[in-house]
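One structure is given below, encoded as structure tokens.
Computed from a predicted structure; not experimentally measured. Below, each value reflects all heavy atoms present in this structure, side chains not excepted, and no hydrogens, waters or symmetry copies.
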Amino acid sequence: KALERLLNKPVDSIITLLRGKGGDDGAMHAMGDMLDIRVAGSGRAASQNTHNKHRFAQAISHVAPSPYAKLIRHSDQTEDTARTIWSEFIAPFFVKPIHGSGSHGVSKIETFEDIHAALTDAQQQQKDVLVQEYMPGLELSVTVYSGKHGNPLSLPPTIITPKAASFYNYHEKQRENGAHFHGVEESDSSLAQQAEAIAQDVYESLGCEGIATVDMIANNGSIDVLELNTIPSFHASSPIHHQLQQARMHPEKLIKIAY
């Protein structure tokens with residue numbers, strides 16, 4: 001019905017806030033390309049590359065480091081897969097669906113029973129997963145957006161510290177005040193500059209447009225990139241809300257500049 005409305009009442013452009021299937025996976029942009037309708041934000045290729053965590057890590061490998069990871073397809077899993085992973089990775093580590101947003105379905109693996117349960121669940125749901133090493137350090141979020149002349153700009157980085165969980169998981173992201181948000185101290189301005197530069201490089205290398213958030217881990221002077229979201233969450237408990245406050249920028253102004 002939505003497609004029928006578009007065909008009957010043509011529009012100049014579309015903006016989507018939907019994350020996941022049909023949203024930031026490139027499907028909406030593919031439809032826009034087919035109907036010759038502009039879809040605001042990152043295009044189909046960038047959306048597809050960032051929506052798939054395995055493909056994303058490969059696409060940015062020449063620009064920025066990311067934690068060591070291994071792709072496990074649900075069709076390839078056997079009884080020995082859990083043992084192989086357990087011998088290859090040092091606990092704790094993560095099992096993540098290659099598709100998904102907001103850390104939904106991410107498991108932190110502490111024991112062999114955890115990895116066995118996570119892989120069994122993935123096989124039953126027919127989901128491919130990414131097994132990824134755990135990297136200690138500061139979790140950072142940087143919002144990058146297109147300037148008036150197409151150049152990438154960024155909001156001040158946010159340091160994220162979960163209040164109750166051992167990592168910034170799905171429930172912490174959805175819960176009001178689920179994490180402490182901090183700005184980078186002036187005494188460590190080099191960290192902020194490095195994080196912003198890496199986020200902008202990743203954004204440009206993937207051909208992103210509009211607004212995107214880049215999540216990273218900083219430890220001992222190095223920064224590893226975790227993921228990029230082409231459709232950020234704008235609710236009051238999200239890092240971007242904190243960054244807008246730091247920059248003293250109204251959300252409406254950001255949207256007008258970026259889109």
Side-chain angles (χ1 to χ4, degrees), residues 20-21 25 48-141 159-174 178-179 194-195 198-199 201-202 205-206 213-229:
K21 188 175 182 180
D25 62 352
Q48 290 174 340
N49 281 331
T50 56
H51 183 69
N52 184 308
K53 292 180 175 62
H54 178 61
R55 188 186 298 177
F56 170 73
Q58 292 181 318
I60 68 163
S61 61
H62 66 293
V63 177
S66 58
Y68 173 73
K70 185 173 184 177
L71 175 66
I72 305 295
R73 300 190 183 278
H74 71 273
S75 58
D76 295 338
Q77 292 185 33
T78 66
E79 288 295 323
D80 294 329
T81 304
R83 293 186 182 88
T84 301
I85 295 300
W86 185 250
S87 65
E88 185 174 342
F89 287 80
I90 299 174
F93 55 91
F94 292 103
V95 173
K96 304 179 176 184
I98 61 167
H99 301 117
S101 58
S103 297
H104 190 269
V106 175
S107 300
K108 188 175 184 181
I109 307 302
E110 304 275 2
T111 66
F112 177 76
E113 288 71 23
D114 291 339
I115 183 63
H116 187 272
L119 294 180
T120 299
D121 182 63
Q123 188 175 40
Q124 290 175 349
Q125 297 189 46
Q126 297 187 338
K127 289 184 176 180
D128 298 339
V129 297
L130 200 67
V131 182
Q132 187 180 73
E133 70 172 321
Y134 166 76
M135 298 200 69
L138 293 176
E139 182 165 356
L140 297 166
S141 177
I159 297 174
I160 303 167
T161 306
K163 289 183 178 180
S166 61
F167 71 101
Y168 195 35
N169 61 26
Y170 175 77
H171 299 291
E172 297 293 289
K173 290 180 179 180
Q174 300 303 313
Q194 185 182 5
I198 290 173
D201 286 346
V202 170
S205 70
L206 293 169
T213 53
V214 183
D215 297 333
M216 299 174 268
I217 291 287
N219 188 20
N220 293 328
S222 65
I223 295 179
D224 281 63
V225 176
L226 300 177
E227 63 180 20
L228 181 150
N229 295 301

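Scanning all heavy atoms of the two residues, the minimum distance from Trp86 to Ile109 falls at CZ3-CG2, 4.2 Å. What you find for Ala218 and Ile223 is that their closest heavy atoms are CB-CG1, 3.9 Å. Contact record, Asn49 with Leu206: CB-CD2, 4.4 Å, taken as the closest heavy-atom pair. Nearest heavy atom pair, residue Gln194 against residue Gly221, reads NE2-O, 3.5 Å. Nearest heavy-atom pair, His116 versus Ala82, reported as atom, atom and distance to 0.1 Å: CA-CB, 4.2 Å. Minimum interatomic distance between Ile217 and Gly137 (heavy atoms only, all atoms of both residues): CG2-CA, 4.2 Å.
We find the CD-CG distance between Glu133 and Asp224 to be 7.5 Å, quoted to the nearest 0.5 Å. The CG atom of Leu226 sits 8.5 Å away from atom CZ of Phe94, with the distance rounded to the nearest 0.5 Å. Taken from CE in Met216 to CG in Leu228, the straight-line distance is 9.5 Å, to the nearest 0.5 Å. Interatomic distance, NE2 of His54 versus NZ of Lys96, reported as 14.0 Å (0.5 Å rounding). To the nearest 0.5 Å, atom CD of residue Gln132 and atom NZ of residue Lys70 are 14.5 Å apart. From His74, atom NE2 reaches atom CD of Gln125 across 11.0 Å, with rounding to the nearest 0.5 Å.
A donor-acceptor pair under 3.5 Å is absent between the side-chain atoms of Glu139 and the main chain of Ile160, judged by distance alone. A donor-acceptor pair is defined here as one N or O able to donate and one able to accept, closer than 3.5 Å; such a pair exists between the side chain of Asp114 and the backbone of Thr111. Within the 3.5 Å criterion, the main-chain N or O of Gln48 finds no donor-acceptor partner in the side chain of Asp25.
Proximity of Val202 to Phe56: side-chain heavy atoms (C-beta onward) are separated by under 4.5 Å at one or more points. Under the 4.5 Å side-chain criterion, counting only non-hydrogen atoms from C-beta, Val214 is not in contact with Ile198. Between Glu88 and Phe93, the closest side-chain pair of non-hydrogen atoms is not below 4.5 Å. Asp80 is listed as a side-chain neighbour of Arg83, based on a closest heavy-atom distance under 4.5 Å.
There is no side-chain donor-acceptor pair under 3.5 Å between Glu110 and Tyr134.
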Check against side chain to side chain contact (heavy atoms under 4.5 Å, CB included), Asp215 and Asn229:
CA-CA 8 Å; Asp215 297 333; Asn229 295 301; 3.8 Å; yes
Can you list the steps and then say if Asn219 with Met135 is a side chain to side chain contact (heavy atoms under 4.5 Å, CB included)?
CA-CA 8 Å; Asn219 188 20; Met135 298 200 69; 5.9 Å; no
